[in-house]
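First up is the structure itself, then whatever we jot down about it.
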There are 2 protein chains.
Amino acid sequence: MQDTKGVDAGLLQSRYRLTKQRAAILRALEDGRHLSAETILERVRAQLPGVSLGTIYRTLDILRSIGLVQIFSHAGAAAKYEAALEKHHHLVCTQCGEVTNVNVSEALTLSQTIAHEHGFDDVDCALVVTGRCARCADVPATASG
Amino acid sequence: MQDTKGVDAGLLQSRYRLTKQRAAILRALEDGRHLSAETILERVRAQLPGVSLGTIYRTLDILRSIGLVQIFSHAGAAAKYEAALEKHHHLVCTQCGEVTNVNVSEALTLSQTIAHEHGFDDVDCALVVTGRCARCADVPATASG
DNA sequence: CTCTCTGCAAAGCATTTGCACATTG
DNA sequence: CAATGTGCAAATGCTTTGCAGAGAG
């Protein structure tokens, strides 16, 4: 492993080794957004057939601990992972489940104010906005279940 | 089942039956905040020894569907349930895990603006503010793990 | 009485983990 | 070479579900 561009550098700076599995996982994360561990596994296996789910989870956990990956888990569903490019929040359609990244810089400011009032420091926040997207709103009633 | 005060009324108005299990679950939810299904089971069993976890989950799901219960699930941990008294958000200490309810009315306004820009309607939002609480900040370093 | 609920226990998923071998630095 | 990472498969934890009997309206 010597091909170390972009994100990979983050791993190198850490105390972790840069293996081909990790590089492939990072690449998968750079390509897509809101990927489940399962999806990441599929994409990684396209390049490295032998990779296991265990490795995906272990790596994702490391990447999160060094701040390279942002996790987003929303009631019930499997967690979604994506490269921690810049702070953003999520807009989720309650009907079709599609997730969109949105910028809501005020959310953090607001959160910090609240948190400080409660004596918290080291503040961060996650805002999940739910609703029905335009496409789903068009359909009169899915009348399912 | 005829003792129908407060929250119970909500169930009666719905198409669901008010059983003693459901009443006990509602009562448990009125007492505490951020209860896990397991905790609810314990509390309910104090009054009704035979109740099963399956019933807890089934009931919780019904209560959520008719808007009487608010679920809060935060990465990794088991979901937390509480009576849907009034809209509020959560402040979570990343160190000790304690959850506090906070009022952030601006969050919804903000979310609605964003959501509408994306063509969404029927908007709601959940804000999770994380940080280190005052008590944990006092301890120099937990030096754990 | 009919239809809905419940307890039980097994199933289902997402995620974690122990171990022996492969790899990295 | 020593330390770390990996694949495999079993284990775990939370939640869901099928079924036959119990209870609500």
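Note that the structure is a prediction, hence the values are computed from the model and not measured. Throughout, protein chains are lettered first and strands after them, A, B, ... in sequence-line order, and every chain is numbered starting at 1. These values consider heavy atoms only, across backbone and side chains, with no hydrogens, waters or symmetry-generated copies.
Atom OH in A:Y16 sits roughly 8 Å away from atom P in D:dG5 (whole-Å rounding). Straight-line distance from the CD atom of B:Q21 to the P atom of C:dT4: 17 Å, rounded to whole Å. Across the protein-nucleic acid pair, B:L41 atom CG and C:dT6 atom C1' stand 13 Å apart, rounded to whole Å. In this structure, B:L35 atom CG and D:dC14 atom P are separated by 15 Å, rounded to whole Å. If you measure from atom CG of B:L48 to atom C1' of C:dC8, you get 17 Å, rounded to the nearest angstrom. In this structure, CG of A:D61 is placed 16 Å from C1' of D:dT4, rounded to the nearest angstrom. Spacing between atom NZ of A:K20 and atom P of C:dA22 amounts to 12 Å, rounded to whole angstrom units. Here C:dT17 presents its P atom at 13 Å from CD1 of A:I62, a figure rounded to the nearest Å.
Within residues 49-59 of chain A, the residues approaching DNA chain D are A:G50, A:V51, A:S52, A:T55, A:R58, by heavy-atom distance under 4.0 Å.
At the phosphate of C:dA14, neither OP1 nor OP2 sits under 4.0 Å from any side-chain N or O atom of A:S36. Between B:R15 and C:dC3, a side-chain N or O to OP1/OP2 separation shorter than 4.0 Å is absent. An OP1 or OP2 oxygen of D:dT6 is reached within less than 4.0 angstrom by a side-chain nitrogen or oxygen of A:R22.
Formation of a donor-acceptor pair under 3.5 Å by the B:R22 side chain with backbone atoms of B:R17 is found in this model.
Sorted by first and then second residue, the ring-ring contact (aromatic ring centres under 6.0 Å, His included) pairs involving residues 43-69 of chain B (not counting sequence neighbours) form an empty list. For residues 105-114 of chain B, no residue pair satisfies the side-chain hydrogen bond (donor to acceptor under 3.5 Å, both in side chains) rule, not counting sequence neighbours.
With D:dG5, C:dT15, D:dG25 as the candidates, the nucleotide lying closest to the side chain of A:A78 is C:dT15.
Here the closest heavy-atom approach between residue A:N103 and residue B:I114 is recorded as O-CD1, 3.8 Å.
In this view, B:D61 and B:R64 satisfy the side chain to side chain contact (heavy atoms under 4.5 Å, CB included) rule, not counting sequence neighbours. Looking at residues two or more places apart in sequence or on another chain, you find a side-chain hydrogen bond (donor to acceptor under 3.5 Å, both in side chains) between A:S52 and A:T55. B:A79 meets the side chain to side chain contact (heavy atoms under 4.5 Å, CB included) test with B:I71, B:S73, B:Y81; sequence neighbours excluded. Taking A:F72 as the reference, A:H74, A:K80, A:H90, A:V92, A:V99, A:V128 meet the side chain to side chain contact (heavy atoms under 4.5 Å, CB included) condition, with sequence neighbours excluded. Scanning for side-chain hydrogen bond (donor to acceptor under 3.5 Å, both in side chains) contacts around A:R45 gives an empty result, with sequence neighbours left out.
End-to-end axis angle for the helix from C:dC1-D:dG25 to C:dG25-D:dC1, using five pairs per end and rounding to 10°, comes out at 40°.
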